[in-house]
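Take a look at the structure below.
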Amino acid sequence: MKKILTIIILCLTTTTLSANDRNLELDKLFLELKKNIPSLSSGIAQQIWMLWSTHPTDQKLTSLLDEGSRLVQDQQLKRAIDVFTEAIELDPSWAEAWNKRATVLYMVGEFQKSQDDIDKVLELEERHFGALAGQGMVNIKLKNYDKAKKSYQKAQEIYPSMKSSKVMIEQIDELIKRQSI
């Protein structure tokens, strides 16, 4: 009985350390990203995406997210939403599952539902520059231009060399200018 308890405690400790190591690695990568070294930024962002897309403790959930992503590529959007919903139900604290579903909800024109999922992503990972950019896109569709601009500005603070943020801020300024004429 003591051996079993010791094994369980070791497994839990290893999982916690792994999650802590993951968070430390993300913190380090975000510091590097903020340095705004264009030749390195894209690779750093890719490493962040890789960590976000890999569940910290459950390979089956990572596989589920991969399955949903394949469905999106195959334009099976309803099924992808169902798969991402399943991942969320299995681990509601995994920001990337929420982000993936938010993306597909945007693709099918469910802008408010997409925004609701983005809110959850940002609650779980406030540095999620992808969700912030997505929030910008959603708010353009909802004609909330000021909120869209703020989302892109926040994404740019986190990931200064993210080209789409700069472009979108300029486009939103044009939309706001045209709207006031």
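Side-chain contact between Gln115 and Lys147 is present, with heavy atoms from C-beta onward closer than 4.5 Å. Between Leu65 and His55 there is no side-chain heavy-atom pair separated by less than 4.5 Å. Residues Gln153 and Ser165 form no side-chain contact, since every pair of their non-hydrogen atoms from C-beta on lies 4.5 Å or further apart. Two residues are said to be in side-chain contact when any heavy atoms from C-beta on lie closer than 4.5 Å; Ile176 and Asp146 meet this criterion. The shortest distance between side-chain heavy atoms of Val104 and Arg101 does not fall below 4.5 Å. Residues Asp173 and Tyr145 are not in side-chain contact: their nearest non-hydrogen atoms beyond the backbone lie 4.5 Å or more apart.
Going from atom CE of Met137 over to atom OG1 of Thr103 covers 8.0 Å, rounded to the nearest 0.5 Å. Taken from CE in Met107 to CD1 in Ile81, the straight-line distance is 9.5 Å, to the nearest 0.5 Å. If you take CD1 on Ile48 and CD on Glu125, they are separated by 8.5 Å, rounding to the nearest 0.5 Å. In this structure, the separation between CG on Leu175 and NZ on Lys143 is 8.5 Å, given to the nearest 0.5 Å. A distance of 6.0 Å separates CH2 in Trp98 from NZ in Lys120, rounded to the nearest 0.5 Å. Note that the CD atom of Glu110 and the CG atom of Asp117 stand 11.0 Å from one another [nearest 0.5 Å].
Remark: the backbone N or O of Leu132 is not paired with any side-chain donor or acceptor of Lys154 at under 3.5 angstrom. Looking only at distances, no side-chain donor or acceptor of Asp74 sits under 3.5 Å from a matching main-chain atom of Gln76. Between the side chain of Thr62 and the backbone N or O of Thr54 there is no donor-acceptor pair closer than 3.5 Å. At distances below 3.5 Å, at least one donor-acceptor pair connects side-chain atoms of Ser41 with backbone N or O atoms of Ile37. Side-chain atoms of Ser63 come within 3.5 Å of backbone atoms of Gln59 as a donor-acceptor pair (strictly under, hydrogens ignored). The backbone N or O of Lys166 lies less than 3.5 Å from no partner atom in the side chain of Tyr152, so there is not a single donor-acceptor pair.
No more than 12 heavy atoms of other residues, nucleotides or ligands shown are found within 6.0 angstrom of NZ on Lys163. More than 12 heavy-atom neighbours from other residues, nucleotides or ligands sit within 6.0 angstrom of CD on Glu25.
Under the 30°/60° scheme for interplanar angles, the aromatic rings of Trp49 and His128 are found to stand perpendicular.
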Task: Chi angles and distances behind the ring-ring contact (aromatic ring centres under 6.0 Å, His included) call for Phe129, Trp52 - done: CA-CA 11 Å; Phe129 50 82; Trp52 281 340; 5.1 Å; yes
TODO: Run the numbers on Phe84 and Ser69 for side-chain contact (heavy atoms from CB on, under 4.5 Å), then give the verdict.
DONE: CA-CA 9 Å; Phe84 295 137; Ser69 297; 4.2 Å; yes
- [ ] Could you go through the salt bridge (charged side-chain N to carboxylate O under 4.0 Å, His left out) check for Asp82 and Lys78 one step at a time?
- [x] CA-CA 6 Å; Asp82 292 342; Lys78 173 67 175 103; 2.9 Å; yes
TODO: Could you walk me through whether Leu31 and Lys28 pass side-chain contact (heavy atoms from CB on, under 4.5 Å), step by step?
DONE: CA-CA 5 Å; Leu31 286 173; Lys28 184 185 95 170; 5.8 Å; no
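When hydrophobic clusters are built by joining Ile, Leu, Val, Met, Phe, Trp and Tyr residues whose side-chain heavy atoms come closer than 4.5 Å, directly or via intermediates, Leu105 is not grouped with Ile88. Phe111 and Ile172 fall within the same hydrophobic cluster, defined by Ile, Leu, Val, Met, Phe, Trp and Tyr side-chain heavy atoms under 4.5 Å apart, directly or through other members. Val72 and Tyr106 are members of different hydrophobic clusters when ILVMFWY side chains are connected at heavy-atom separations under 4.5 Å.
Here the closest non-hydrogen pair linking Ser161 and Asn36 is CB-OD1, 3.1 Å. Of all non-hydrogen atoms in Ala80 and Gly68, the two that sit nearest each other are CB-O, 3.7 Å. Nearest approach of Asp91 to Leu61, heavy atoms of both residues: CB-CD1, 3.8 Å. Of all heavy-atom pairs spanning Ala148 and Ile140, the tightest one is CB-CG1, 3.8 Å. Nearest heavy atoms, Ile118 versus Ala102: CG1-CB, 3.7 Å. In plain terms, the two heavy atoms of Val83 and Leu64 that are nearest each other are CG1-O, 3.2 Å.
Shown here are the side chain to side chain contact (heavy atoms under 4.5 Å, CB included) partners of Ser164, two or more places apart in sequence or in another chain: Met162.
Judged purely by distance below 3.5 Å, without hydrogens or angles, the side chains of Ser151 and Gln135 pair a donor atom with an acceptor atom.
Ion pairing between Glu174 and Lys177 holds under the 4.0 Å rule for side-chain N and carboxylate O. Of the charged side-chain nitrogens involved, at least one lies within less than 4.0 Å of a carboxylate oxygen, so that Asp27 and Arg127 count as a salt-bridged pair.
Remark: of the listed residues Val121, Leu122, Leu124, Val121 is the sole one forming a side chain to side chain contact (heavy atoms under 4.5 Å, CB included) with Asn99.
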